[in-house]
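One structure is given below, encoded as structure tokens.
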Amino acid sequence: MIPTPALRVRLPAGARPSACPSASILRRALTPLVLGLAAWLAAHGAKAAPGSGGLMLRAPDAAPVEAPQFATDIAVEVSGPTARAVVTQAFRNTTGEWVEGTYVYPLPEDAAVDSMKLVVGERVIVADIRERAAARRDYEAARRSGRAAALTEQERPNVFTNSVANIAPGETVLVQITYQQPVRLSGGTHALRVPLVVAPRYSPAPPLVAPAAEAPDSQAGSTDPVPDRARITPPVLDPAAHAPVNPVTLGVTLRAGFPLGPVRSGTHPVRIEETGPESRRITLDAGPVPADRDFELTWEAAPGRAPTVGLFRERVGADEYLLAVLAPPSGGAMPPQAAQRLPRDVVFVIDNSGSMAGASMRQAKASLLLALDRLDPSDRFSVIRFDDTMERLFPEPVPADAANLGLARRFVAGLEARGGTEMLAPLRAALADPHPDETGRVRQVIFLTDGAIGNEEQIFSAIVAGRGRSRLFMVGIGSAPNGHLLRHAAELGRGSDTVIGAIDQVAERTRALFAKLENPVVTDLSARFSEPGIEATPDPLPDLYRGEPVVIAAKLGRAAETLTLRGRVGGQAWEQVVDLAAAVPGAGIGKIWARARIGAAETARLTGRLPASDADAAILALALEHGLMTRHTSLVAVDATPRRPAGVALTAADLPLNLPAGWDFAAVFGERSAAPPPRERRAAVPVTTPAASPASRSIDLPQTASPAPLHLWLGLSLLALGLLALRRPAGRGRAR
């Protein structure tokens with residue numbers, strides 16, 4: 001481990017004001033980060049090779065090199081409906097070599113990432129937003145020339161990669177990222193979720209031959225459904241062989257905008273300081289924690305003080321933006337027949353793949369058993385389970401009588417987690433409606449999963465193609481679910497999503513979910529501004545559920561005075577008119593609108609409403625105008641002065657991640673004593689990733705987002721070659 005006195009970071013006191021417009025923020029962030037890193041390393045020094053001070057990276061043709069130490073500080077300021085976060089990452093090079101570090105990390109799926117700074121010694125370099133290819137070229141040029149540089153790239157809306165080049169021996173380099181996100185509201189509870197670890201993901205192998213009918217869903221037939229699989233598959237440590245890495249400190253300044261009731265975290269012990277009737281200061285009670293589970297904070301209004309409608313405006317230059325949080329009708333606002341409960345056809349889908357082993361499987365089974373208990377005799381239901389195989393309990397929904405429910409409970413109780421996460425087939429099976437023209441019944445699909453897959457676009461396309469009259473409800477399971485998959489799948493399926501992160505949340509959150517499902521909804525929802533031509537999102541609007549407000553972001557014109565919502569409740573027309581003059585000032589509304597419009601363009605591309613070229617052009621224009629990270633834009637910071645001596649090699653390393661809390665390493669990656677060593681490479685040598693072998697499709701391994709099948713196939717091939725070599729005549733040489 002690194003002795004505490006060796007952790008010294010020079011603050012950017014001498015930085016030029018023009019180069020560091022927010023040096024005071026950096027100063028506040030660095031102190032807890034460095035102290036937290038020192039304390040963490042003193043207590044949790046990673047298990048390493050004998051005589052080493054840290055985790056060792058090994059490669060077949062290179063000497064071992066110690067992995068860079070890494071730590072994160074997150075400071076979040078919540079102001080009413082929005083949150084602004086500052087994420088400061090420290091890369092500490094403990095070796096005698098010059099190092100490039102690459103770290104894959106998560107952010108909220110709806111985050112608008114808009115700035116990045118690189119701190120090297122006393123220099124602060126502010127990043128520029130560029131087209132992705134141009135940013136990569138600038139970074140590579142700086143890396144080769146020995147200049148300090150940082151590059152932030154989006155792999156998924158909730159998965160990002162930071163690369164930091166030319167970290168000197170013994171040096172700590174800091175990268176600071178800022179983003180804006182909306183606060184979620186459901187059933188009177190406001191929620192802020194901060195992802196802290198990217199869970200290992202299962203990536204289906206490329207098909208040998210794809211049927212022509214599947215070409216749209218499989219990304220042009222036989223192409224790889226996850227072409228960037230190497231970029232979303234960082235090395236993961238086996239917790240049985242390594243102590244936790246990547247410590248995190250986190251603080252939240254909460255200004256709710258209304259008198260507060262209960263404030264709590266169901267994921268981490270926290271310390272809550274009351275700073276006023278509408279504000280709190282929240283910190284982690286245990287100090288630095290390992291980055292192995294997402295952080296969640298929830299708060300409620302004091303009794304009788306909850307706002308019913310929230311309207312917030314922000315002016316940016318000549319433009320004005322609106323964020324409207326509109327509650328659904330309740331009580332006397334609904335027609336009498338809206339209270340009548342319609343019979344339902346419910347299809348439950350439960351993920352029992354290897355990534356669900358342990359606590360996640362227990363949570364999923366408990367949730368599904370509670371859901372079965374809530375079915376009414378007038379309902380019909382079915383259950384589908386999947387890993388890399390699929391099984392239906394009934395060929396189509398059956399009555400929810402005692403005999404069928406008893407059979408379903410025994411089926412669910414006997415489930416065990418194993419195998420890969422082949423989600424596409426069970427999703428299509430669940431959406432397939434044997435009675436598409438049936439009226440008088442509601443059709444719902446309840447999908448329980450951690451979402452640990454890499455082929456999200458295939459899933460989204462399948463939902464759009466097959467949703468019909470079904471409504472899709474995603475239930476995220478475990479300590480680090482894939483929020484991008486859960487949120488967007490529910491939006492496309494005109495349902496909603498929830499997360500169950502711990503066993504003690506099962507009863508409360510399952511009950512809350514079914515309170516929505518069992519109550520009337522506003523369907524055929526539409527929004528109309530008094531001024532035509534307003535750019536608003538989402539479009540079209542989703543169905544509106546009891547306790548689940550609709551959130552609309554809009555870029556306003558000068559004559560917009562009212563917003564009218566219309567829909568149908570229980571077969572009756574419903575309307576709500578909102579006076580926009582009541583909007584109060586808000587922060588970050590423009591960036592939230594731009595991020596939502598980018599998401600809408602991505603959806604239009606997936607659904608075929610926009611050609612891919614038009615969608616890409618719209619995304620790029622929005623990203624450059626508002627300075628946001630997307631799959632087409634990146635943030636790059638490059639120092640002007642070379643610092644690595646000429647002729648000195650640069651070692652590049654992919655920093656390892658923790659396994660998410662509650663996951664079973666062997667069930668995910670297969671039975672082996674330890675994780676494969678984190679990748680180490682020489683930066684001067686181009687790195688290529690071999691294409692997945694078709695043979696890997698026939699190897700049935702319990703693994704999620706792992707290249708284990710490819711490695712096994714290659715290993716078997718090399719073993720066969722070795723055996724052939726051993727059989728050669730002695731004079732012809734022998735295998736070593």
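Worth saying up front: this structure is predicted, and the values here are computed from it rather than measured.
In this pair, H488 and F460 present their aromatic rings perpendicular. The plane angle is above 60°, beyond the 30 to 60° band.
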(request) Could you give me the CA-CA distance, side-chain angles and deciding distance for N482 and E456, then say whether side chain to side chain contact (heavy atoms under 4.5 Å, CB included) is met? (result) CA-CA 10 Å; N482 181 354; E456 291 99 333; 3.0 Å; yes
(request) Start with the C-alpha distance between V263 and L297, add both sets of side-chain angles, then the distance that settles side chain to side chain contact (heavy atoms under 4.5 Å, CB included), and finish with yes or no. (result) CA-CA 7 Å; V263 178; L297 185 73; 4.1 Å; yes
(message) Assess the residue pair E153 and R231 against the criterion (side chain to side chain contact (heavy atoms under 4.5 Å, CB included)); give the C-alpha distance rounded to whole Å, side-chain angles, the decisive distance to 0.1 Å, and a yes or no.
(response) CA-CA 10 Å; E153 297 174 296; R231 294 190 62 83; 2.7 Å; yes
(message) Please determine whether side chain to side chain contact (heavy atoms under 4.5 Å, CB included) holds for the pair L254 and L260, giving the CA-CA distance in whole Å, both sets of side-chain angles, and the decisive distance to 0.1 Å.
(response) CA-CA 10 Å; L254 171 60; L260 281 163; 4.1 Å; yes
(message) One pair to check against side-chain hydrogen bond (donor to acceptor under 3.5 Å, both in side chains): D73 and T249. What are the steps and the verdict?
(response) CA-CA 5 Å; D73 177 76; T249 55; 2.6 Å; yes
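Between S496 atom OG and L472 atom CG the span is 9.5 Å, to the nearest 0.5 Å. Taking CZ from R136 and OG from S163, the interatomic distance works out to 5.5 Å, rounded to the nearest 0.5 Å. Here the CZ-CD distance, from R84 to Q180, works out to 5.0 Å after rounding to the nearest 0.5 Å. The distance from atom OH of Y105 to atom CD of Q89, rounded to the nearest 0.5 Å, is 5.5 Å. Between L196 atom CG and I74 atom CD1 the span is 5.0 Å, to the nearest 0.5 Å. In this structure, the separation between OG1 on T298 and NE2 on H190 is 11.0 Å, given to the nearest 0.5 Å.
Residues T72 and V87 form a side-chain contact, since some pair of their non-hydrogen atoms from C-beta on lies under 4.5 Å apart. Side-chain contact between Q181 and L192 is present, with heavy atoms from C-beta onward closer than 4.5 Å. Contact check for D497 versus R184: side-chain heavy atoms found under the 4.5 Å cut-off. No side-chain heavy atom of L628 sits less than 4.5 Å from a side-chain heavy atom of L622. Considering only heavy atoms from C-beta on, I534 stays 4.5 Å or farther from L563 through its side chain. Taking 4.5 Å as the limit, some side-chain heavy atom of L322 sits within range of a side-chain heavy atom of F529. For the pair V198/I232, no side-chain contact is recorded, criterion being any heavy-atom separation below 4.5 Å from C-beta on. I552 is listed as a side-chain neighbour of L565, based on a closest heavy-atom distance under 4.5 Å.
Among residues two or more places apart in sequence or in another chain, the ring pair (Phe, Tyr, Trp, His ring centres under 6.0 Å) test is passed with Y103 by F70. In this structure F295 satisfies the ring pair (Phe, Tyr, Trp, His ring centres under 6.0 Å) test together with H268, sequence neighbours excluded. Residues satisfying the side chain to side chain donor-acceptor pair (under 3.5 Å) test with R313, not counting sequence neighbours, are E320. Scanning for side chain to side chain donor-acceptor pair (under 3.5 Å) contacts around S526 gives an empty result, with sequence neighbours left out.
Summarising the geometry of P542 relative to L525, their closest heavy-atom pair is O-CD2, 3.5 Å, with the distance given to 0.1 Å. Nearest approach of V76 to A83, heavy atoms of both residues: CG1-CB, 4.0 Å. Residues V197 and R293 share a closest heavy-atom pair of CG1-N, 3.9 Å. Taking both residues in full, the closest heavy atoms of A480 and D294 are given as CA-OD2, 3.6 Å, listed atom of the first, atom of the second, then distance. Taking both residues in full, the closest heavy atoms of D114 and L635 are given as C-CD1, 4.4 Å, listed atom of the first, atom of the second, then distance. Smallest separation of non-hydrogen atoms from D543 and D524: OD1-N, 4.0 Å.
In summary, the aromatic rings of Y179 and F160 are positioned with their centroids too far apart to meet the 6.0 Å limit.
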Output a table of donor-acceptor pairs, distance under 3.5 Å, between side-chain atoms of residues 579-597 and any protein atom two or more places apart or on a different chain; print 'none' if there are none.
unit_1 : atom_1 : unit_2 : atom_2 : d
D579   : OD1    : A581   : N      : 3.1
K591   : NZ     : H626   : O      : 2.9
W593   : NE1    : E535   : O      : 3.1
R595   : NE     : A111   : O      : 3.0
R597   : NH1    : A536   : O      : 3.3

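With D639 contributing its side chain and A148 its backbone, the two residues share no donor-acceptor pair below 3.5 Å. Looking at S530, its side chain does come within 3.5 Å of a backbone N or O of T562 through a donor-acceptor pair. Side-chain atoms of N166 come within 3.5 Å of backbone N or O of R147 as a donor-acceptor pair. Under the 3.5 Å distance criterion, the side-chain polar atoms of R132 are matched with a main-chain donor or acceptor of Q154. A donor-acceptor pair is defined here as one N or O able to donate and one able to accept, closer than 3.5 Å; no such pair exists between the side chain of R471 and the backbone of R467. With hydrogens and angles ignored, the 3.5 Å screen pairs a side-chain donor or acceptor of R156 with a backbone N or O of G454.
Between R137 and E140, no side-chain nitrogen of the basic residue sits less than 4.0 Å from a carboxylate oxygen of the acidic one, so the salt-bridge criterion is not met. Between R631 and E457 there is no salt bridge, since no side-chain nitrogen of the basic residue lies less than 4.0 Å from a carboxylate oxygen of the acidic one.
Atom CD of E561 has 12 or fewer heavy atoms from other residues, nucleotides or ligands within 6.0 Å.
Residue pairs meeting the side chain to side chain donor-acceptor pair (under 3.5 Å) criterion with at least one member in residues 255-265, sequence neighbours excluded, are E77-R255, S265-T267.
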